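In what follows, a single structure is set out as C-alpha cells and then discussed.
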Amino acid sequence: MPELPEVETVASELTQVLKNKKVKAVKVHEPKTVNFLVRDFEKKLKNKIIKKVWRRAKLLVIEFEEGLYIAAHLKMTGQFLYQSNNNKLTGGGHPEDFYLQKIPSKFTRVEFALTDGSHLYFNDIRKFGWLKLFSKKDLEEFLKNMQYGPEPLEKDFTAEYLFEKIKNRNVPIKPLLMDQKLIAGIGNIYAAEVLFKAGIDPQKKANVLTKIEVKKIYQAIVSILKLAVKYKGTTADNFADIFGQAGNYIKKLKVYGRKDQSCLVCGSKLKEIKQAQRTTVFCPKCQR
DNA sequence: CAATCGTCCTGCGGGC
DNA sequence: TGCCCGCAGGACGATT
C-alpha cells in the first residue's frame with residue numbers, strides 16, 4: 001500500500017519534525033520488527049541525533065549522526081506516527097479523514113522517546129514491516145543487494161530507459177511496473193492507475209508495446225506520482241501520514257478499488273482480474 | 001527467463 | 001447473530 005507517494009510524504013514530514021532531535025530512549029515491543037537483539041537495538045540508538053529522513057524506492061531511511069541509519073519498510077500496514085510533547089495527533093476531526101489509531105497501541109512495535117518530550121511510534125498491524133539498523137557501509141551494501149531501479153521522478157528515468165528495459169520482456173506490463181528493479185516505488189495502486197491513464201491493457205505483454213505506448217506509460221508514471229505526492233498519497237486501506245492524516249489522492253483514483261463500477265471516461269463496467277496473485281482493475285474499453 | 005506458490009500476519013467482509 | 005473462510009498485499013525464496 002504505501003508506495004512512492006506515501007513513503008515520500010512520511011519521509012518529508014519526518015525530516016520536518018525530527019531534524020536535529022536527540023533520541024532519549026527506544027523501546028522495542030516486537031522483536032521481529034528489528035534486526036538486532038532488542039537491548040542492542042535500543043542501546044545503539046540512545047543519545048543519537050537525527051540529521052534527516054529520506055526515501056529510496058519504498059524504503060525510508062532515518063539518518064543519524066555518526067554514520068548510523070535506520071532503514072524502514074512499511075510493507076502494507078506500517079505507520080510512523082509522531083506525537084509532539086504536549087498534544088495528541090492532530091487528527092482534524094473530519095469524519096472522512098481516517099480512523100485514528102491510538103498511540104501507543106497494541107500495534108505499536110517500536111517507540112522512540114526524544115529528549116524534547118516528543119515521541120515517534122512505529123505501528124504495524126500485520127508485522128510485515130521492519131526497521132533495520134545499519135552502519136553506512138551496511139546500508140550501502142543493503143541498497144546494492146536490493147538492485148533498485150531508477151527513481152521515477154529523477155532525471156535518469158526516461159521513456160527511452162523504460163522502452164529499452166522492457167522491449168524484450170514477454171510478460172504482462174502491469175506486474176512489470178511493480179518490479180522494484182525496473183522502477184523504484186510503484187505498487188499495486190499506482191500501477192493500475194498509470195495503465196488506465198496511458199490507455200494500456202494491463203495484460204498486454206511488454207514486448208509488444210510500441211515506443212509511443214511506452215512513452216504514454218512513462219508520462220503517466222511521472223504525472224500520477226507527482227500529483228499523488230502533492231496530495232500526500234492515497235489512503236485506500238490504513239495509510240496515514242505521521243500526524244494520522246489520510247492521503248487525499250484516493251479522491252483521484254480512477255480504477256483501483258472500483259471493480260464493477262463504471263469507467264469515469266466511457267461509462268462501461270470496470271473489470272477485475274488477477275495478475276501474479278494481485279488484483280488489477282481496468283477498463284476493457286479504454287485500455288487496449 | 002517465466003510462472004506460480006508459499007510465507008509472513010491480522011482485520012475484515014462475504015457467505016451461509 | 002455467529003462462525004468460518006478467504007482475501008488484502010510487498011517482497012523474497014523455492015520450485016517447476
Side-chain angles (χ1 to χ4, degrees), chain A residues 1-11 28-35 55-61 71-80 98-102 104-110 122-132 141-149 151-152 164-194 202-209 225 228 233-240 246-247 250 253 255-261 272-281:
Chain A
M1 303 244 147
E3 305 177 30
L4 184 152
E6 292 76 32
V7 181
E8 182 67 32
T9 298
V10 171
V28 176
H29 299 288
E30 174 51 64
K32 82 179 286 287
T33 300
V34 300
N35 65 333
R55 179 192 62 75
R56 173 71 174 114
K58 299 175 194 172
L59 211 61
L60 273 165
V61 181
H73 203 305
L74 305 176
K75 294 293 176 108
M76 272 75 65
T77 56
Q79 307 173 324
F80 274 105
F98 179 53
Y99 79 98
L100 282 176
Q101 267 182 23
K102 285 197 177 117
S105 73
K106 64 173 179 170
F107 302 120
T108 299
R109 308 304 178 194
V110 181
F122 179 71
N123 281 9
D124 186 19
I125 294 171
R126 270 174 263 184
K127 299 185 187 174
F128 290 3
W130 44 254
L131 309 186
K132 293 183 195 295
E141 179 74 16
F142 181 81
L143 289 174
K144 193 178 154 194
N145 288 338
M146 295 303 292
Q147 299 174 53
Y148 286 133
E151 284 292 329
E164 286 305 313
K165 289 291 274 192
I166 71 176
K167 68 178 184 188
N168 294 323
R169 298 292 301 274
N170 185 30
V171 289
I173 181 62
K174 193 263 185 172
L176 197 51
L177 291 180
M178 296 166 64
D179 180 352
Q180 302 303 297
K181 294 178 172 66
L182 175 70
I183 316 162
I186 298 177
N188 207 35
I189 296 176
Y190 296 105
E193 295 298 310
V194 160
Q203 302 163 103
K204 207 163 179 178
K205 297 287 183 73
N207 60 4
V208 304
L209 294 170
L225 292 179
T234 301
T235 297
D237 196 350
N238 70 343
F239 169 75
I250 189 163
L253 296 180
V255 287
Y256 181 85
R258 299 194 65 246
K259 174 193 179 185
D260 292 341
Q261 297 181 39
E272 181 175 282
I273 54 171
K274 277 274 182 197
Q275 293 183 286
Q277 294 149 301
R278 301 279 180 274
T279 58
T280 306
V281 182

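Here is how names work: the chains are called A, B, and so on, in the same order as the sequence lines, proteins then strands, and each is numbered from 1. Treat the numbers as computed from the prediction; the structure is a model and nothing was measured.
Distances shorter than 4.0 Å separate none of the side-chain N or O atoms of A:Lys75 from OP1 or OP2 on B:dT7. At the phosphate of B:dT4, neither OP1 nor OP2 sits under 4.0 Å from any side-chain N or O atom of A:Gln277. Not one side-chain nitrogen or oxygen of A:Lys205 sits closer than 4.0 Å to the OP1 or OP2 atom of B:dA2. OP1 or OP2 of B:dC9 has at least one side-chain nitrogen or oxygen of A:Lys32 nearer than 4.0 Å. Contact between the side-chain N/O atoms of A:Arg278 and the OP1/OP2 oxygens of C:dA8 is not found at any separation under 4.0 Å. Contact between the side-chain N/O atoms of A:His73 and the OP1/OP2 oxygens of C:dG10 is not found at any separation under 4.0 Å. For B:dG11, the OP1/OP2 oxygens have a side-chain nitrogen or oxygen of A:Lys106 closer than 4.0 Å.
Using a 4.0 Å heavy-atom distance criterion, A:Lys127 is classed as a sugar-phosphate-only contact. A:Thr279 comes within 4.0 angstrom of sugar-phosphate atoms only, judged by non-hydrogen atoms across all strands, and of no base. Using a 4.0 Å heavy-atom criterion, one finds that A:Tyr190 contacts no nucleic acid atom at all.
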Taking only N/O atoms, report every protein-nucleotides 14-16 of chain C pair under 3.5 Å with atom names and distance.
none

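Within a 6.0 Å radius of NZ in A:Lys204, other residues, nucleotides and ligands contribute more than 12 heavy atoms.
Every residue meeting the side chain to side chain contact (heavy atoms under 4.5 Å, CB included) condition with A:Ala184, not counting sequence neighbours, appears here in chain and number order: A:Arg56, A:Ala57, A:Tyr148, A:Glu151. Legend: residues meeting side chain to side chain contact (heavy atoms under 4.5 Å, CB included) with A:Lys75, ordered by chain and number and at least two apart, are A:His73, A:Phe128, A:Trp130.
Look at CE on A:Met76: it is 5 Å from C1' on C:dG10, rounded to the nearest Å. As rounded to whole Å, 13 Å separates atom P of B:dG14 from atom CD of A:Glu272. Atoms CG (A:Leu60) and C1' (C:dG10) sit 14 Å apart, rounded to a whole Å. Separating the CG atom of A:Asp124 from the P atom of C:dA8 is a distance of 19 Å, rounded to the nearest angstrom. Taking atom CD1 of A:Ile125 as the reference point, atom C1' of C:dG10 lies 16 Å away to the nearest angstrom. Following rounding to the nearest Å, A:Lys174 (NZ) and B:dA2 (P) show an atom-to-atom distance of 17 Å. One interatomic measurement links the two molecules: CD of A:Gln275 to C1' of B:dC5, which rounds to 17 Å at whole-angstrom precision. Rounded to an integer number of Å, the gap from A:Lys132 NZ to C:dC12 P is 10 Å.
Checked against C:dG10, C:dA11, B:dA2, the side chain of A:Arg169 finds its nearest nucleotide in B:dA2. Taking only side-chain atoms of A:Tyr256, from C-beta outward, the nucleotide of C:dG10, B:dT10, C:dA8 with the closest atom is C:dA8. Of all nucleotides listed (C:dC12, C:dG10, C:dA11), C:dC12 comes nearest to the side chain of A:Met146.
Under the side chain to side chain contact (heavy atoms under 4.5 Å, CB included) rule, A:Glu3 has a single partner from A:Ile189, A:Leu74, A:Thr234, which is A:Ile189.
If you find the closest nucleotide of DNA chain B to A:Phe128 and to A:Asn170, the one lying nearer the 5' end belongs to A:Asn170.
Put simply, the side chain of A:Met76 does not reach to within 4.5 Å of the side chain of A:Phe239, judged on heavy atoms. Within the 4.5 Å cutoff, the side chain of A:Leu209 has heavy atoms near those of the A:Ile173 side chain. Within the 4.5 Å cutoff, no side-chain heavy atoms of A:Leu59 are placed close to those of A:Met146.
A donor-acceptor contact under 3.5 angstrom links the side chains of A:Gln275 and A:Thr280, judged on distance only.
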